[in-house]
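Working notes, structure below.
When a residue number appears, it is its place in the shown sequence, counting from 1. Whatever order the structure lists them in is the order used to number ligands and atoms, beginning at 1. Keep in mind that this is a model prediction, so the values were computed, not measured.
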Amino acid sequence: MANNNRRVETTCVQGGYTPGNGEPRQIPIIQSTTFKYATSEDMGKLFDLEASGYFYSRLQNPTCDMVAAKICELEGGSAAMLTSSGQAANFFSIFNIANVGDHIISSTSIYGGTFNLFSVTMKKMGIDFTFIDPDCTEEELRAAFKPNTKAVFGETVANPALTVLDIEKFAKVAHENGVPLIIDNTFATPVNCRPIEWGADIVTHSTTKYMDGHGSSVGGCIVDSGKFNWIKYADKFPGLTTPDASYHGITYAEKFGLEGAFITKATAQLMRDFGCTQSPQSAYYVNLGLESLHVRMERHCLNGLKVAEFLENNDKIAWVNYPDLKGNKYYDLAKKYMPKGTCGVVSFGVKGGRKAAETFMKNLKLIAIETHVADARSCCLHPANATHRQLSEQELIAAGVPSDLIRLSCGIENYEDLISDIRQALESI
Ligand SMILES: *Cc1c(COP(=O)(O)O)cnc(C)c1O
């Protein structure tokens with residue numbers, strides 16, 4: 001599936017699809033639920049996973065597969081699949097290898113939706129999670145393992161806390177314990193970081209964010225590195241290493257190899273049963289976004305840094321958090337894993353607390369108030385008045401979201417204009 005010889009920028013533009021003579025230059029949108037076969041035997045082979053091909057778009061669709069192939073190549077993986085959302089991608093990435101009675105270790109510093117998925121919904125399904133500080137020592141991480149631990153999970157650059165994960169440390173301890181490391185690489189994107197090169201085994205994305213990049217479609221993706229040796233730890237991963245009765249007793253790790261087992265199982269079982277499919281039309285929009293991802297990420301990061309530097313030197317600002325800012329707690333890790341920059345999201349506090357933050361936001365003209373991030377248009381959110389409005393001042397501090405915190409997602413406009421907008425809104429306080 002992957003062509004690992006060309007550079008990320010070229011893959012953004014040309015990966016995943018190579019037209020033949022006289023075929024469409026752009027990825028075709030195959031807006032069809034079903035596919036025609038000459039004989040029932042032909043179709044039967046597909047149902048038995050004896051032949052590869054398309055039969056029903058809930059499981060696989062050619063447009064979605066072309067876009068998945070591009071993301072697979074960008075991440076340097078062996079196989080990939082699109083999902084209906086980032087939430088579905090993270091759910092599948094764990095549910096594909098963990099059952100009732102199993103245990104997962106996750107960084108505490110993750111997207112709020114993922115935290116809820118793990119700590120409430122998947123807990124109800126009988127999967128237990130231990131949340132661990134991403135800055136923990138190797139010993140602390142080792143101590144979190146149990147005999148039934150099946151994976152370790154974290155985010156490259158966490159949304160919204162902007163912590164940077166030491167991927168090598170997490171990969172080393174996960175592998176010592178015979179389990180894969182799953183990394184949500186949504187904020188960094190493969191343009192800025194390729195977690196598989198640092199030891200991650202499975203990479204997930206909310207393609208809704210920078211990959212789509214234009215606020216047009218919700219989607220997700222899972223990429224498998226093909227490197228984790230399921231067979232070596234066969235007892236831990238029976239779903240991949242013992243026969244699947246629903247497909248006439250095939251064993252995924254044997255039939256599809258280490259390169260194909262994880263994604264084939266997730267498609268054949270989880271897509272079949274849950275149907276969290278991305279539509280071909282949405283996949284097409286994601287691909288348009290991917291074509292300029294490398295150009296946009298450079299601008300998102302430039303704007304993020306310029307805005308963060310402006311805020312740092314403004315006396316109405318209490319504090320600024322941006323990993324590329326010298327003096328930031330994660331500066332060294334950010335430079336190691338993301339030398340080109342992290343992302344365009346900056347968080348900061350306005351002096352005067354909640355009331356000053358409200359006044360500031362109300363007076364912004366160019367930068368819009370939205371729950372979204374990672375969009376071409378700059379936007380911002382005051383969590384204490386939106387996503388976290390049920391929490392008390394005390395609870396907000398405990399959640400790492402103080403009431404003065406503003407999350408600003410720098411788009412790809414001219415940074416002088418963003419700074420002018422911020423300056424005039426600060427003057428209104
Ligand atoms: C937004 C987000 C998700 C969830 O993705 P959806 O596409 O909204 O379902 C997961 N992880 C991270 C890091 C995110 O930013």
Side-chain angles (χ1 to χ4, degrees), residues 64 67-68 71 75 81-95 104 106-122 129 131 134 153-165 167 170 181-193 195 200 202-223 270 274-279 282-283 285-286 289-290 293 297 300 304 323 330 337-338 342-347 370-375 379-381 383 386-388 400-401 407-411:
C64 294
V67 180
I71 299 173
E75 289 287 7
M81 68 197 285
L82 296 190
T83 58
S84 53
S85 66
Q87 288 295 99
N90 283 331
F91 172 55
F92 277 19
S93 75
I94 290 180
F95 202 61
I104 305 290
S106 169
S107 163
T108 46
S109 191
I110 53 173
Y111 174 65
T114 311
F115 187 77
N116 201 71
L117 169 69
F118 290 174
S119 62
V120 179
T121 301
M122 291 187 78
F129 286 79
F131 293 95
F153 183 95
E155 293 180 10
T156 317
V157 183
N159 173 14
L162 303 175
T163 52
V164 177
L165 195 80
I167 300 174
F170 273 68
L181 174 64
I182 305 172
I183 293 289
D184 181 335
N185 196 34
T186 298
F187 264 28
T189 84
V191 170
N192 285 344
C193 180
I202 290 147
V203 174
T204 62
H205 282 280
S206 166
T207 60
T208 319
K209 311 293 166 50
Y210 288 116
M211 284 190 171
D212 172 274
H214 300 77
S216 73
S217 62
V218 174
C221 184
I222 309 173
V223 181
L270 302 184
F274 291 102
C276 309
T277 316
Q278 189 164 138
S279 79
S282 289
Y285 294 138
V286 171
L290 289 169
L293 181 66
M297 285 313 287
H300 281 294
Y330 296 100
Y337 291 107
M338 290 159 279
T342 54
C343 63
V345 181
V346 180
S347 65
E370 296 169 23
T371 38
H372 198 43
V373 285
D375 187 72
C379 57
C380 68
L381 180 78
T387 46
H388 293 64
V401 190
R407 183 184 69 185
L408 172 59
S409 171
C410 296

Looking only at distances, please establish whether an N/O atom of ligand 1 is found under 3.5 Å from an N/O atom of F187. no
So is Y111 polar-close to ligand 1, meaning N/O to N/O under 3.5 Å? no
Counting distance only, does the side-chain N/O of [X] pair as donor-acceptor with the main-chain N or O of [Y] below 3.5 Å?
X: S85; Y: G219; answer: no
X: N159; Y: Y111; answer: no
X: Y210; Y: G344; answer: yes
X: T186; Y: S206; answer: yes
X: E155; Y: D184; answer: no

Numbered atoms of ligand 1 (with element) below 4.0 Å of [X], judged on heavy atoms:
X: N159; result: 14 (C), 15 (O)
X: T186; result: 12 (C), 13 (C), 15 (O)
X: Q87; result: 4 (C), 5 (O), 6 (P), 9 (O)
X: E155; result: 13 (C)

Going by heavy atoms, is G219 under 4.0 Å from ligand 1? yes
Starting from [atom], what is the nearest protein heavy atom, named by residue and atom, and what distance separates them?
atom: atom 11 (N) of ligand 1; value: D184 OD2, 2.7 Å
atom: atom 7 (O) of ligand 1; value: T208 OG1, 2.6 Å
atom: atom 6 (P) of ligand 1; value: G86 N, 3.4 Å
atom: atom 2 (C) of ligand 1; value: K209 NZ, 2.5 Å

State whether a side-chain donor-acceptor pair under 3.5 Å links S109 with S107. no
Taking CZ in F118 as the centre, count heavy atoms belonging to other residues, nucleotides or ligands within less than 6.0 Å. Is the count above 12? yes
May I ask you to check whether F115 and F131 place their ring centers less than 6.0 Å from one another? yes
